[in-house]
A.B. asks: 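One structure coming up, written as structure tokens, with questions to follow.
Throughout, residue positions are numbered sequentially from 1 according to the sequence presented. Numbering of ligands and ligand atoms starts at 1, following listing order.
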Amino acid sequence: MSFNHISVIGLGYIGLPTAAMFASRKKHVIGVDVNQHAVDTINKGEIHIVEPELDIIVHAAVTEGYLKATTTPEPADAFLIAVPTPFKNSEGEQNGINIPEPDLTYIQKASQAIASVLKPGDLVILESTSPVGATEQMADWLAESRPDLTFPQNAGEKSDIRIAHCPERVLPGHVVRELVENDRVIGGMTPKCSQAAIELYKTFVEGECVTTNARTAEMAKLTENSCRDVQIAFANELSLICDELDIDVWELISLANRHPRINILQPGPGVGGHCIAVDPWFIVSKTPEQAKIIHTARQVNDGKPSWVIDKVKLEIANFLQDNPTKTAQDIVVACYGLAFKPDIDDLRESPALNITKALSNMHAGSVWAVEPNIASVENVLSTVELTSLENAQENADIHLVLVDHSQFKASKFNTKYLVDTKGIW
Ligand code: SAJ
């Protein structure tokens with residue numbers, strides 16, 4: 001089997017780098033996205049996201065003619081679906097507790113879009129992080145749209161179309177390296193489906209491709225991110241405990257981590273991104289009775305932003321007490337960082353952004369944001385002024401560190417009115 005024409009559906013943080021890696025190995029790649037701006041930007045050899053090294057690879061791939069983007073699918077030998085899997089708008093209620101339910105609409109739309117161009121022998125891979133059973137569901141949607149073709153759920157190894165779930169596991173900010181080096185979990189709906197997927201990924205993956213079934217592959221990805229969420233919740237809970245007991249949590253963690261078998265993660269303003277703050281719910285919503293620690297970790301991490309906001313309110317009160325001639329309207333609060341983690345521009349599910357938004361809604365004075373990775377915040381934060389690090393440090397009254405961007409870590413800063421959720425100043 002040879003895959004010379006590969007189609008990637010969804011040209012976001014995962015789809016675009018993956019498309020670019022195939023193209024860099026001289027495969028003809030058609031990237032498909034509903035966002036015309038993204039398509040136009042890529043076809044100019046440019047990128048619409050921030051990810052180190054990606055711009056150079058995309059530019060070369062487009063210039064050499066191996067990568068092109070379009071809004072409608074075209075025939076290919078393999079299709080990779082890398083579209084978002086958000087929550088449904090209305091949360092599901094189980095036993096009186098609101099549990100967010102996964103929304104598979106984007107996967108459904110992507111499978112319906114590619115169905116018309118499928119031909120016998122094609123491979124379809126679901127890369128989007130998905131609840132257990134989503135790959136089987138996708139296979140059913142494909143089969144409904146193409147009754148003239150056979151699929152693994154009915155025809156087994158003899159099927160016209162091969163289907164697998166191969167979850168992406170790359171870390172934003174290190175995507176180009178991790179795409180090549182990380183091991184891949186390959187969950188074929190049949191062993192032949194897995195073999196086909198391995199052959200495809202071996203185009204650029206140097207890590208090991210380990211096979212399993214689709215459901216286990218789905219659960220493996222959810223397990224990895226839930227494990228990290230639970231570990232971060234432990235660090236966040238420690239930060240609350242230490243605050244009560246007047247202990248420096250950063251010192252505490254660095255001391256505990258000197259134990260040879262302890263490796264505590266770092267507290268922060270909460271957990272963001274479209275992965276760790278989302279994926280554990282895919283387990284909780286399927287098995288709420290069993291997923292107790294995973295559920296609690298989500299609640300601990302989701303509760304951290306309001307704790308941070310309370311800390312800022314306390315600093316505002318302290319400032320007013322120290323400066324009796326001033327009113328809340330005179331006070332400028334500077335929020336350092338809006339992205340969901342350091343050195344990226346990604347605002348998805350960002351606690352930093354949500355905290356800044358909440359402060360700008362409740363504070364009578366000005367709220368400034370410092371975000372070196374973003375040029376404008378007008379669309380997301382209409383009442384917040386974007387300013388430079390220097391101006392904020394010099395002229396703001398209350399300082400709130402939300403992200404440990406390298407620019408912030410490089411600048412030493414000392415002030416009385418500081419809430420430092422990342423322990424950098
Ligand atoms: N965070 C902390 N403390 C820490 C580490 C992280 O508060 O010690 C916060 C970050 O600030 C951020 C959030 O957690 O808000 C998530 O950041 P992250 O760096 O842990 O992970 P992501 O979301 O960028 O990427 C994760 C990765 N999964 C794991 O490390 C298990 C990545 O490998 C996955 O591919 C990615 O999710 C994904 O796409 O699912």
A.B. asks: Any nitrogen or oxygen of Arg169, side chain or backbone, less than 3.5 Å from one on ligand 1?
C.D. replies: yes
A.B. asks: At what distance is the nearest protein heavy atom to atom 8 (O) of ligand 1, and which residue and atom is it?
C.D. replies: Gln266 N, 2.9 Å
A.B. asks: Does a donor on one side chain sit under 3.5 Å from an acceptor on the other, for Gln393 and Ser411?
C.D. replies: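 Yes, side-chain donor-acceptor contact under 3.5 Å.
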A.B. asks: Checking contacts here: is it the side chain or the backbone of Arg228 that comes within 4.0 Å of ligand 1, counting heavy atoms only? Could be both or neither.
C.D. replies: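 Contact part for Arg228 vs ligand 1: side chain (C-beta onward).
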A.B. asks: So, 4.0 Å and heavy atoms of Gln231: is ligand 1 close enough to count as a contact?
C.D. replies: no
A.B. asks: So which heavy atom on Ile161 is nearest to which on Val124, and how close?
C.D. replies: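 Distance-wise, the nearest heavy atoms are CG2-CG2, 3.9 Å.
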A.B. asks: In the protein, which heavy atom is nearest to atom 6 (C) of ligand 1, and how far is it?
C.D. replies: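 Going by distance alone, atom 6 (C) of ligand 1 is nearest to Ile232 CD1, 3.5 Å.
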A.B. asks: Regarding atom 26 (C) of ligand 1: of the candidates Ile276, Asp279, Ile14, which has the closest heavy atom?
C.D. replies: Ile276
A.B. asks: Identify the protein heavy atom lying closest to atom 27 (C) of ligand 1, giving its residue, its atom name and the separation to 0.1 Å.
C.D. replies: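 Checked against all protein heavy atoms, atom 27 (C) of ligand 1 sits closest to Leu171 CD1, 3.7 Å.
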A.B. asks: Please indicate whether any nitrogen or oxygen in Cys275 is less than 3.5 Å from any nitrogen or oxygen in ligand 1.
C.D. replies: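 No, Cys275 has no N/O under 3.5 Å of an N/O on ligand 1.
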A.B. asks: Students should be able to answer this: which protein heavy-atom is nearest to atom 40 (O) of ligand 1, and at what distance?
C.D. replies: Lys221 NZ, 2.6 Å
A.B. asks: Which residue and atom name correspond to the protein heavy atom nearest atom 39 (O) of ligand 1, and how close is it?
C.D. replies: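 The protein heavy atom lying closest is Glu168 OE2, 2.5 Å.
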A.B. asks: Assess the residue pair Leu11 and Ile42 against the criterion (side chain to side chain contact (heavy atoms under 4.5 Å, CB included)); give the C-alpha distance rounded to whole Å, side-chain angles, the decisive distance to 0.1 Å, and a yes or no.
C.D. replies: CA-CA 9 Å; Leu11 296 173; Ile42 294 162; 3.7 Å; yes
A.B. asks: Give me the residue, atom name and distance of the protein heavy atom closest to atom 19 (O) of ligand 1.
C.D. replies: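 Among all protein heavy atoms, the one nearest atom 19 (O) of ligand 1 is Lys341 NZ, 2.8 Å.
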A.B. asks: When you check the side-chain N and O atoms of Glu371 and His405, is any donor under 3.5 Å from an acceptor?
C.D. replies: yes
A.B. asks: Out of Asn182, Val170, Leu402, Thr223, who gets a non-hydrogen atom closest to atom 35 (O) of ligand 1?
C.D. replies: Val170
A.B. asks: Report yes or no: do His399 and Tyr417 form a side-chain donor-acceptor pair below 3.5 Å?
C.D. replies: no
A.B. asks: Under a 3.5 Å threshold, yes or no: a donor from one side chain and an acceptor from the other, between Glu168 and Thr18?
C.D. replies: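 Glu168 vs Thr18: no donor-acceptor pair found between side chains.
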A.B. asks: Is there a side-chain contact between Val117 and Glu74 in this structure, where contact means two heavy atoms from C-beta onward sitting under 4.5 Å apart?
C.D. replies: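 Val117 does not reach Glu74 side chain to side chain.
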A.B. asks: Is it the case that ligand 1 has an N or O less than 3.5 angstrom from some N or O of Thr129?
C.D. replies: no
A.B. asks: Going by heavy atoms in the side chains, are Arg215 and Glu136 under 4.5 Å from each other?
C.D. replies: yes
A.B. asks: Are any of the N or O atoms of Glu224 closer than 3.5 Å to those of ligand 1?
C.D. replies: no
A.B. asks: Mark up the atoms of ligand 1 that fall under 4.0 Å of a heavy atom belonging to Leu265, in ascending order.
C.D. replies: 8 (O)
A.B. asks: What protein heavy atom lies closest to atom 12 (C) of ligand 1? Include the residue and the distance to one decimal.
C.D. replies: Phe340 O, 3.3 Å
A.B. asks: Given Ala235, Gly273, Gly272, which one has a non-hydrogen atom that is nearest to atom 13 (C) of ligand 1?
C.D. replies: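 Result: the heavy atom closest to atom 13 (C) of ligand 1 is in Gly272.
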A.B. asks: Could you tell me if His174 and Arg177 have a donor-acceptor pair between their side chains, going purely by distance under 3.5 Å?
C.D. replies: yes
A.B. asks: Please determine, by modelled atom types, if Lys304 and Ser239 share a side-chain donor-acceptor pair under 3.5 angstrom.
C.D. replies: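 Short answer, yes.
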A.B. asks: Return yes if a side-chain donor-acceptor contact under 3.5 Å exists between Thr216 and Asn213, otherwise no.
C.D. replies: yes
A.B. asks: Do me a favour and list the nearest non-hydrogen protein atom to atom 31 (C) of ligand 1 with residue, atom name and distance?
C.D. replies: Asn225 OD1, 3.3 Å
